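Okay, structure first, notes after.
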Amino acid sequence: ESTPSLTKHLRDGDIRNLYVGQETELDRMFLYMGWAGSAVSMASTPIQKIVIDEAAKCQMNIGSEANPYDLLRDRQKTFSDISKLYAPSTPILEGDAFDIEHKQTDQREYWLKCPYCHQYHIAKHEYIEFEKNSAGHLLPAAHYKEDSKCSRYVCPACGKIWDEWKRWQAVQNGIWCPRDCKVNSEGKIEGKSFSNPLRGYHITSFMIYPGFITIANMAFTWAKAQTALKAGDKKPLQNYINSWLGENWVEKEKETAADKLIPHIGTHKIETIPDGVQMITIGIDVQMDHIWFVAAGWGYRSEVWSIEEGRIETGDVRQLQNWTPVEELVIKN
């Protein structure tokens with residue numbers, strides 16, 4: 001409505017003639033707008049060019065249907081040689097559907113050219129230096145926002161500090177390079193580059209014009225995320241990794257060494273209750289005509305024993321009388 005150069009393409013120039021979930025006829029093409037959670041919006045209409053906005057956040061499972069990427073590719077079969085699918089997105093989790101799609105591309109990285117030494121490198125968070133207190137800890141986050149001298153970007157090749165305009169100069173002289181290759185000092189791509197029709201580009205905040213994002217902005221956001229992490233909130237850090245660095249968030253669980261677990265492993269007969277059991281729980285997974293169950297005995301300090309597990313054939317679980325075997329299981333334990 002606020003852009004006449006776009007609305008003029010609608011029938012009668014009327015915004016009410018723009019439709020979601022059905023065909024919109026423009027003066028020079030047909031437009032379809034749908035949503036990832038609706039299989040109907042991804043029906044079999046042939047389409048040449050497709051944009052999936054925020055592809056990583058699309059609802060991947062659509063009932064019994066395939067995921068949105070596959071459904072949309074099916075719509076492009078008519079235009080197999082001239083079709084394009086563009087899927088820009090903030091990444092979310094390592095190993096999710098969007099990450100898998102990206103790894104099928106040539107995974108291009110943007111190499112910045114240092115204005116001092118003229119060497120190329122991929123900009124990374126680790127090249128930001130932070131002012132710290134006498135104990136070697138980060139300053140309160142506000143310091144990085146209020147004083148741009150509290151953080152700086154340093155070239156990993158020559159060690160020179162870039163101000164914001166040197167960073168922008170490095171961006172303007174940068175080069176896209178496929179994964180597993182590198183850019184030499186002459187600006188030539190070295191390494192074995194395989195022919196891949198699927199292009200993938202990793203865009204980070206380091207590539208953004210200084211009028212919008214500065215190293216001080218990034219340092220402030222990072223420091224604030226570290227403060228939240230110490231308080232038990234990891235979401236601000238995930239947002240920094242996803243939105244500012246354009247990288248996947250990796251969930252890390254605390255690992256316990258095997259040699260610490262082995263002394264705690266014991267044996268006992270099935271369907272017997274070992275000494276130390278203070279409480280028994282029964283976990284039940286209900287299916288259409290049977291259930292799976294696990295009976296566990298719990299002791300102090302989260303010590304646990306497997307007492308019994310298995311499958312019970314019940315027949316149609318919607319019939320109350322078929323739950324008698326489950327009732328017997330509960331009474332027995």
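Hydrogens, waters and symmetry mates play no part in the numbers below; they use all other heavy atoms, side chains included. Along the sequence shown, residues carry numbers from 1. Keep in mind the model is a prediction, meaning the values are calculated, not measured.
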Rounding to 0.5 Å, atoms CH2 (Trp244) and CD1 (Ile213) come to a distance of 5.0 Å
If you count the non-hydrogen atoms of other residues, nucleotides and ligands that lie under 6.0 Å from CZ in Arg108, is the total more than 12?
yes
Distance col, row Leu237:CG vs Lys235:NZ, nearest 0.5 angstrom, shows 11.0 Å
Evaluate the criterion side-chain contact (heavy atoms from CB on, under 4.5 Å) for residue pair Met33 and Leu31; output intermediate values, then yes/no. CA-CA 7 Å; Met33 290 193 294; Leu31 173 68; 4.3 Å; yes
- State yes or no: do Val20 and Leu10 share one hydrophobic cluster built from I, L, V, M, F, W and Y residues joined by side-chain heavy-atom distances below 4.5 Å, directly or via other members? yes
When hydrophobic residues are tied together by side-chain contacts of less than 4.5 Å, even through go-betweens, does Val154 share a cluster with Leu139?
-> no
Taking every heavy atom of Ala157 against every heavy atom of Cys117, the minimum-distance pair comes out as CB-SG, 3.9 Å
TODO: Could you walk me through whether Val286 and Ile284 pass the side-chain contact (heavy atoms from CB on, under 4.5 Å) test, one step at a time?
DONE: CA-CA 6 Å; Val286 181; Ile284 296 176; 4.0 Å; yes
- Can Thr281 and Trp298 be counted as having a side-chain donor-acceptor contact under 3.5 angstrom? yes
Nearest heavy-atom contact between Asn248 and Ile241 is O-CG2, 3.6 Å
Can you check side-chain contact (heavy atoms from CB on, under 4.5 Å) on Ile307 and Ile280, steps first, answer last? CA-CA 9 Å; Ile307 296 175; Ile280 296 175; 4.0 Å; yes
In Tyr110, Phe206, Trp162, the residue satisfying ring-ring contact (aromatic ring centres under 6.0 Å, His included) with His121 is Trp162
Self-check item: Basic-acidic side-chain contact under 4.0 Å: Lys269, Glu271
Solution: no
Residues Lys166 and Tyr116: closest non-hydrogen pair is CE-OH, 3.6 Å
query: side chain to side chain donor-acceptor pair (under 3.5 Å) between Glu54 and Ser89: does it pass, once the steps are laid out?
result: CA-CA 4 Å; Glu54 284 297 346; Ser89 183; 3.2 Å; yes
message = Under 3.5 Å, is there a donor on one side chain and an acceptor on the other for Thr214 and Glu164?
response = no
**Asked** Is any side-chain heavy atom of Ile92 closer than 4.5 Å to a side-chain heavy atom of Trp249?
**Response** no
- Indicate the ring-plane relationship of His290 and Trp292, choosing parallel, tilted or perpendicular according to the 30° and 60° boundaries. perpendicular
One should read off an interatomic distance between Arg199 CZ and Asp106 CG, to the nearest 0.5 angstrom, of 6.0 Å
Can His125 and Tyr240 be said to form a ring pair (Phe, Tyr, Trp, His ring centres under 6.0 Å), step by step?
CA-CA 10 Å; His125 171 81; Tyr240 180 82; 5.4 Å; yes
Please determine if Lys49 forms a cation-pi arrangement with Tyr86, meaning its NZ or CZ atom is less than 6.0 Å from the six-membered ring centre and no more than 45° off the ring axis. no
Problem - Any side-chain heavy-atom pair of Arg75 and Lys77 under 4.5 Å - result: no
Residues pairing under side-chain hydrogen bond (donor to acceptor under 3.5 Å, both in side chains) where one sits in residues 218-231, two or more places apart or in two chains, turn out to be none
In this structure, CZ of Arg152 is separated from CZ of Arg167 (nearest 0.5 Å) by 15.5 Å
Exactly one of Asn173, Ile189, Val183 clears side-chain contact (heavy atoms from CB on, under 4.5 Å) with Trp111, and that residue is Val183
Are the side chain of Asp316 and the backbone N or O of Asp289 linked by a donor-acceptor pair below 3.5 Å? no
On a heavy-atom basis, the closest approach of Ala141 and Phe220 is O-CD1, 3.1 Å
Taking every heavy atom of Leu198 against every heavy atom of Asn196, the minimum-distance pair comes out as N-OD1, 2.8 Å
| query | Less than 4.5 Å apart, any side-chain heavy atom of Tyr69 and any of Leu71? | reply | no
So salt bridge (Lys or Arg N to Asp or Glu O under 4.0 Å) across residues 15-35, not counting sequence neighbours, yields Asp14-Arg16
Non-hydrogen side-chain atoms of Ile50 and Ile52 separated by less than 4.5 Å:
yes
CD1 of Ile312 to OG1 of Thr324, rounded to nearest 0.5 Å, is 11.0 Å
- Linking I/L/V/M/F/W/Y whenever any side-chain heavy atoms sit under 4.5 Å apart, do Ile273 and Val304 land together? no
* Following the transitive rule for hydrophobic clusters with a side-chain heavy-atom cut-off under 4.5 Å over Ile, Leu, Val, Met, Phe, Trp and Tyr, establish whether Leu112 and Tyr209 coincide in one cluster. => yes
With a 4.0 Å cut-off on N to O distance, would you call Glu308 and Lys332 a salt bridge? yes
Query raised in the report: Should the heavy atoms of other residues, nucleotides or ligands under 6.0 Å from CD of Glu186 be counted, would the total exceed 12?
Result: no
To the nearest 0.5 Å, atom NZ of Lys182 lies from atom CD1 of Ile175 at 14.0 Å
Starting from Val330, can I reach Ile270 by hopping between I/L/V/M/F/W/Y residues whose side chains sit under 4.5 Å apart? no
Smallest heavy-atom separation, Ile128 atom then Ser151 atom, equals CG2-CB, 4.4 Å
Q.
Would you say Ser306 and Glu309 are linked by a side-chain donor-acceptor pair, where the criterion is simply a distance under 3.5 Å?
A. yes
inquiry  = Could you tell me if Asp285 and Gln287 have a donor-acceptor pair between their side chains, going purely by distance under 3.5 Å?
reply    = yes
Exercise for the section: Report the C-alpha distance between Asn184 and Tyr120 in whole Å, list the side-chain angles of each, state the deciding distance to 0.1 Å, and finish with yes or no for side-chain contact (heavy atoms from CB on, under 4.5 Å). Expected result: CA-CA 7 Å; Asn184 64 24; Tyr120 291 83; 6.0 Å; no
**Prompt:** Between Arg73 and Glu101, is there a salt bridge with N-O shorter than 4.0 Å?
**Reply:** yes
ask   = Is the closest side-chain heavy-atom distance between Tyr144 and Met218 below 4.5 Å?
value = no
